[in-house]
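Okay, so here's the structure we're looking at.
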2 protein chains.
Amino acid sequence: MKRDSRLSGVLHLLLHLAQQDGPVTSDVLAQVMDTNPVVIRRILAGLRERGYVRSEKGHGGGWTLGSDLAKVTLRDVYLALGSPTLLAMGNRTEAPGCLVEQAVNAALGSSFDAAEALLLARFGEVTLARLHADVVRRMKAGGVRQLGKAHR
Amino acid sequence: MKRDSRLSGVLHLLLHLAQQDGPVTSDVLAQVMDTNPVVIRRILAGLRERGYVRSEKGHGGGWTLGSDLAKVTLRDVYLALGSPTLLAMGNRTEAPGCLVEQAVNAALGSSFDAAEALLLARFGEVTLARLHADVVRRMKAGGVRQLGKAHR
DNA sequence: CTTCATGTAACATCATAAGTGGCATGAAGC
DNA sequence: GCTTCATGCCACTTATGATGTTACATGAAG
């Protein structure tokens, strides 16, 4: 199964935006992420609806942050993406008539639910501000290297 | 992302085998699972290597359980399937040069790891015997219904 | 009114689980 | 021996969803 990397990608985008003054175009972000501008717009569309980012058209346009990084958690970002599937596995059928399958579903399902709950809880504990602070810390630790240069 | 239901499926198969005296053919199991015999063989192949099931060719052949249900956990079964991907999400890249991505990976990765560890731990706590006991309990609770009849 | 940038639809690509057909292998029954 | 039944396995197809790409409309700045 192909792994969904949108959450990873969008966080990357947000943190890069956090280190830019003005708007950044989808084109630039696409180069940084080594992908297509349309993919960028697609990913950021959900965040725009919630006000986490803003977009402007025309000259000098592009993407800017739209809210306080301290008030947005990874969970918020995840939800803004449309709550994509977290687990790669699932029960074969829901609401089966077979008693065996019911027992299997009950056993697996409770574990699946627990794992999803754990993920969401941990996502809820981490704010973008904390991630940003971590980036700054890493920059200092490794010497103030310019960002965006080490992308390839 | 398409969800992997092999673990769910194989548990279903094992519990059905547990309630049969003699060998059960892939054909019969396929009907029970509403799928193709080849799929059954493919799923059970890994379990055979570890001795959890045995297969016999020819007349009167088919699949039988190969070990004590109390000694096999869901984790064992999961491993026998080849440890398929548990999470539908992942980091965009591993070992990135970009500091931002490193920070993102660290934050997400620890959560991903925790969720996977939780799943494996819970799988390790559940034996097939316990699942089987649960099936029996459900049968008594709902009247002794014949298994395999409520499959479609 | 030209240029730049987003917004969006439509389509192509790619990976993987699942489904299917065909054929070889081996065991039981005649 | 030989037929039948069942697994073992390979190659191919199908289905699904993330991702990549092209094309065109919209709107803002110069």
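Sequence lines set the chain letters: A, B, ... in the order given, protein chains first and strands last, and positions in each chain run from 1.
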Please round to the nearest 0.5 Å and tell me the distance separating atom CG of A/Leu118 and atom CG of A/Leu86. 10.5 Å
If the cut-off is 4.0 Å, is A/Thr35 near the phosphate of D/dG20, judged by side-chain N/O to OP1 or OP2? yes
By nearest heavy atom, map A/Arg6 and A/Gly60 onto DNA chain D; which one lands nearer the 5' end? A/Arg6
Among C/dG21, D/dA11, C/dA28, the nucleotide that comes nearest once only the side chain of B/Val38 is considered: C/dG21
Without decimals, in angstroms, what is the distance between B/Leu47 CG and D/dG8 C1'? 16 Å
Report the residue (A/Gly58 or A/Ser55) whose heavy-atom-nearest nucleotide on DNA chain C is the more 5′ of the two. A/Gly58
Whole angstrom is fine here: how far is it from CG in A/Leu44 over to C1' in C/dT8? 15 Å
Does B/Asp134 come within less than 4.0 Å of B/Arg138, counting only side-chain N to carboxylate O? yes
Rounded to whole angstroms, how far apart are CG on B/Leu17 and P on D/dT7? 11 Å
For residues 42-54 of chain A, tabulate all N or O donor-acceptor pairs below 3.5 Å that involve a side-chain atom, not counting sequence neighbours.
none

Counting side-chain heavy atoms from CB outward, which of D/dT26, C/dG19, D/dT21 is closest to A/Asn36? D/dT21
note: B/Asn91, atom CG; D/dT19, atom P; distance rounded to Å ~ 13 Å
Establish, from distance only, whether the side-chain atoms of A/Trp63 and A/Ser26 form a donor-acceptor pair under 3.5 Å. yes
So what does A/Arg42 touch, heavy atoms closer than 4.0 Å: a base, only the sugar-phosphate, or nothing? base
Quick one: label B/Arg48 by what it contacts on the DNA or RNA (base, sugar-phosphate, nothing), any heavy atom closer than 4.0 Å. sugar-phosphate
Think A/Ser5 has a side-chain N or O under 4.0 angstrom from the OP1 or OP2 of D/dA18? no
Calculate the interatomic distance between A/Leu7 atom CG and D/dT19 atom C1'; express it in whole Å. 16 Å
Nearest-neighbour nucleotide for the B/Thr25 side chain, C/dT6, D/dA6, D/dG8 considered: D/dA6
Measure the distance from CG on B/Asp4 to P on D/dA18 and round it to the nearest whole Å. 16 Å
Taking atom P of D/dG27 as reference, at what distance in whole Å does atom NZ of A/Lys57 sit? 6 Å
Can you tell me whether the side chain of B/Arg3 and the base of D/dG17 have a donor-acceptor pair closer than 3.5 Å? no
Can you tell me how far P of C/dT20 sits from CZ of B/Arg41, to the nearest Å? 13 Å
